[in-house]
Structure formats: structure tokens, C-alpha cells
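In what follows, a single structure is set out as C-alpha cells and then discussed.
The chains referred to below are lettered A, B, ... by the order of the sequence lines, with proteins before strands, and numbering in each begins at 1.
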Protein chains: 2
Amino acid sequence: MIREQLVAPSPTDLTAFLLRHTRTRDCLVQVAGLAEVTYQGRAASTADVGSYLVLLKRDGSLQIHAPKGVKPMNWQPRTDEITARVEDGQCVLLASRRSRVEQVRVVFLEAQLAQALELSEEAGFVLSGSEAQMQDALARHPDLIEPGLRVLNRELLVESGGIDLYAQDAVSQLARYVASVQRMVGSVVVRGILAAPSITTPARAQLEGRGFEFREVQALPAVVSASTQPGLFEA
Amino acid sequence: MIREQLVAPSPTDLTAFLLRHTRTRDCLVQVAGLAEVTYQGRAASTADVGSYLVLLKRDGSLQIHAPKGVKPMNWQPRTDEITARVEDGQCVLLASRRSRVEQVRVVFLEAQLAQALELSEEAGFVLSGSEAQMQDALARHPDLIEPGLRVLNRELLVESGGIDLYAQDAVSQLARYVASVQRMVGSVVVRGILAAPSITTPARAQLEGRGFEFREVQALPAVVSASTQPGLFEA
DNA sequence: TAGTCAATGTCGGGG
DNA sequence: CCCCGACGTTGACTA
């Protein structure tokens, strides 16, 4: 799985290494070492000389990691062209895009490690808990909001945006929705319940000020202990 | 700069390695190999067995990279606790957060490579082209919007939000601003100019419908050729 | 291809 | 600690 590894390669060797693997694009390429990084495109950035970790993936994406944070210091999502060359005795890596004109330039002052790894094809990956899934699950199992709740008109509920948990103005949206339903049903009492995994303090105050309720729905089973209510996405 | 490197370590060795380095948190730790990853927290996800690259940074952040994309397949921004242990003869890495309860679990079925790299302290990093810088630059050099433009009252211009290039409703905001200035200056003609790096088609239509103008301001010097106008952030 | 919108958004600043 | 807002947001979906 380690296709190739160079320890402290010379600029020439590193350049050749990069060219070899970026041409085939069949490996995940990494370089760690002292470098200087600049970016020009939608914005511009400069990173002083420091030790960074550079990742080149098979899809042509590039990312340069500083010692902290999940987010790379610099990146390029999908490059049209990646090249390496020797400039002034140093290996320079250029990654650029044409559609949106931008470029990342890495000057390696001292590479400590370069490696090419074979990663197998993408394996199956399933994510649950997105808004779409949540809407669907709540519409199917409204008794997760409160036992006994039934959906009288699912189309109305979903289409009118009655379930909109992430909207910034969820409270006023709820108010509008409640008002419109109230008009339709006449004298029957209409409650407004905002069901969400969480709520901010100001939002809660506003909600209760309007006489509405908040109901926490756990989208997923708790990590640590058994959940007190069934998770939405278990089955 | 390579503090330690293990090639195809046993589960026991890998566990010890991970414990050693996560305890000190002074290195960037990498493991590449066959693994299975699950996440539970704000959402939940499962990744089938595949070969991934795991990165552990000094700040406790974790990311697991699949062969494609800038975005990690799984991640954890800043963990409260990272532990490793042997379970059923396999090394298991657990990264969890307490404030927001969530956890990433990596089961290494076959590690190919584990390494601990010393990255120097964060080096200087400067990004230019952000909204704040742009506001400032435009206030200082209004003639970038149109030669001859002068700022009559910078306080008013900046404080009233007169320059607000990223607001979703920039057009209506501009309208309000123009109206308020018009009231103040009386009979003098007031033009509304939206100066931004780009504009969407619908926004432009709305803008021109109200009799306002759009002026493209290049925030930065072009990558390829000499820019036709001086960049905002050059000096 | 361009516009729109969710995201395990991440990250940093301010109360 | 929580709330708020920017971001080179990215990425997926849709007209």
C-alpha cells in the first residue's frame, strides 16, 4: 500500500516524484516539510515559511495542513492542472483552476518526507441525520414529537414548510404557519410546536413569548447511554 | 522532523504509539491503512472497511480522509479526549467531545503506516480579500469604484452600512441608503452604485430595475496577467 | 452552467 | 460558555 516513500528528498527528486504521481493520479501523495505557500484567486493569502503537510488526492484536490484545525490552511478543491518544477534550486508545486481562475503555489524549502499511498476505491459510506431525512422521519412518526400526535394532512405539513427546523426565523415561520392553519380549521385550538434537536436561548424566549412550545427531538440515539426515546434514524 | 515511524505495526504497537503521542499532543500523527469508521453526534455515519488516512493534529482535531475530496470523510473539530485501545485484537481509536456530545470511532483492521511528525509552531499567515478588508480598502480608495469619486463623509459611509457587499439584500439595502442620503442632501442628485467583485443575474436585474449601477471591483490583482486596475490590497 | 440551499459546516470574535 | 456571523465557505441539487 505504500507505493513509494522518500525521506528528505532533494528538490530534483521531489519534483520528479511529484510529476510521476500527479501524472498517473492513482495515489494519494503526501509531502511534509518546510514550505512557503501562496494563494491567489477569490482572495489571496500568504503563509510564511513553516512546516506543513501537503496532501494531493487522486481527484486532483490539494490541501495544505498547518499544525492546527480541521480546515486546511490552503486548499484547491478540484484542480485542472498540477505541475511541479525546480525553481532556483527549490521544488515548486503549482495547482491551478481555469474555470474560476485561482492558483496555489507551494515552494518546498526542505522536504522531510514524501510518500505515495495506494488507497483502495471508495468504500461504502452512509450518513444519516440530514435535514431531509429528519423532515421525512418526523412526518412519518409525529408521535416522536408528542405521543398521540397524528398527521392530518401530510402534504400540507410538508409542502407548506411547516417543518423547517433550520430556518433562522423558524419562530416567525411557525407563527405564520399556525395562523394560516387556524384560519383553515376555525374554532379548533391550534398549538405551535417547534421540534428540533436544539434551540438557542433567544429563540426560545421569542418562541415562548408567542405562546408556542419547544420539543426536543433527538435525531439519533445518544452516544453514551441508552436513549430515553427512540432515535429517528435507527431503522 | 519525523519523530517516529512504524511500518505495518501490530495492533498493540499501534495502540501504544497512538497513546504515546496523543498524550503529549506535540506531534501531527498520521495512520494509513484499512479501517472502519463510525460517527455519532449531530448526525451519524458509517464507513465500510476501506483504506483511509487518519490525521491527528496537536489541537486534538481528527480527520479521516478517503481517496477523494478536500473534505474529510469523517472528522472531529476539537476533541476533549482521544484514546486508543485494543479491542478483539484490533486497535480502536476513539475521539470524543463533551460540550457537544459526539464521538468518532476508528477500528484499524490493518495499519500500513503510522508516523508522528513535528510541525513547527504556527507560522505567519495572512489572508486578504475578506469583507472587512474590502470595506476598509474601498473607503480609503473610492476612486477604484470610479475615478473622481470622493468620500464626503466616511463615518456616515461606513457606520450606516453603506458599504455592505455581501449582504443578501444588498440591493434593497442600497435603496434604503440612497433614500436616506437623498433626504439629507436635498436637491443634489444621488447615485446608487453597488461595487462588488461579482453579481448574480437576478440581483443585477433588480438593481437596474431600481435605477442603480453595478461596478465590478477586482479585490485582488489577477493571477495570470497584469491587472487592468490596481488591486485593492497591494500596498 | 449558474443559482440556491444545507452542512456533523469550521472558525473566530464578543457578550 | 454561548451566541452570532463570515467564509477563498464546500457540495449537492435543480432549473
*Under 4.0 angstrom, heavy atoms only, what part of the nucleic acid is Q76(A) near: base, sugar-phosphate, or nothing?*
base

*Base, sugar-phosphate, or nothing: which does G69(A) touch, judged by heavy atoms less than 4.0 Å apart?*
sugar-phosphate

*Name the residue closer to the 5' end of DNA chain C, choosing between S45(B) and R78(B) according to the nucleotide with the nearest heavy atom.*
S45(B)

*Spacing between L127(B) atom CG and dC7(D) atom P, to the nearest angstrom*: 9 Å

_Between dC11(C) (C1') and H65(A) (NE2): distance, integer Å_ = 15 Å

*Between CD of Q90(A) and CG of L109(A), what distance do you get to the nearest 0.5 Å?*
5.0 Å

*Expressed as a whole number of Å, how far does the C1' atom of dT14(D) sit from that of dT8(C)?*
25 Å

*Taking side chain as C-beta onward, heavy atoms only, is T22(A) less than 4.5 Å from V29(A)?*
no

*Round to the nearest Å and state the distance from R98(A) atom CZ to dT1(C) atom C1'.*
17 Å

_Nearest-Å distance for atom pair CD/C1', residues Q63(B) and dT10(D)_ = 15 Å

*Would you kindly compare V104(B) and K68(A) by the position of their nearest DNA chain C nucleotide and give the one closer to the 5′ end?*
V104(B)

*With a 4.5 Å limit on heavy-atom distance, are the side chains of R78(A) and S61(A) in contact?*
no

_For a quick check of understanding: with a heavy-atom distance under 4.0 Å over all strands, which category does T201(B) fall into, base, sugar-phosphate or nothing?_
sugar-phosphate

*Could you go step by step and tell me if S45(B) and F125(A) meet the side-chain contact (heavy atoms from CB on, under 4.5 Å) rule?*
CA-CA 7 Å; S45(B) 71; F125(A) 180 77; 3.6 Å; yes

*Please name the residue in the list L56(B), T83(B), V104(B) that meets the side-chain contact (heavy atoms from CB on, under 4.5 Å) test with L93(B).*
L56(B)

*Does a side-chain N or O from R42(B) land closer than 4.0 Å to OP1 or OP2 of dA7(C), or not?*
no

*Hey, is the side chain of K71(A) poking within less than 4.0 Å of OP1 or OP2 on dT10(D), counting only N and O atoms?*
no

*asked:* For dT10(D) and W75(A) - does any side-chain N or O of the residue sit under 4.0 Å from the phosphate oxygens OP1/OP2?
replied: yes

*asked:* Go nucleotide by nucleotide along DNA chain D from the 5' end; which of Y39(A) and S99(B) gets its closest nucleotide reached first?
replied: S99(B)

*asked:* Given dT10(C), dC3(D), dG3(C), identify the nucleotide with an atom nearest to the side chain of P77(B).
replied: dT10(C)

_Rounded interatomic separation in angstrom, taking CZ from R204(B) and P from dG3(C)_ = 12 Å

*Could you pick out which residue, T200(A) or F125(B), lies toward the 5' side of DNA chain D when each is mapped onto its nearest nucleotide?*
T200(A)

*Give the rounded distance in Å between these two atoms: CZ of R100(B) and P of dC2(D).*
10 Å

_Protein-nucleotide distance (L62(A), atom CG; dT10(D), atom C1'), rounded to Å_ = 15 Å

_Can you measure N74(B) atom CG to dG9(C) atom P for me and round it to whole angstrom units?_
13 Å

_Roughly how many Å apart are dC4(D) and dG8(D), using the P atom of each and rounding to a whole number?_
22 Å

*N-O pairing of E213(A) and R215(A) below 4.0 Å*: no

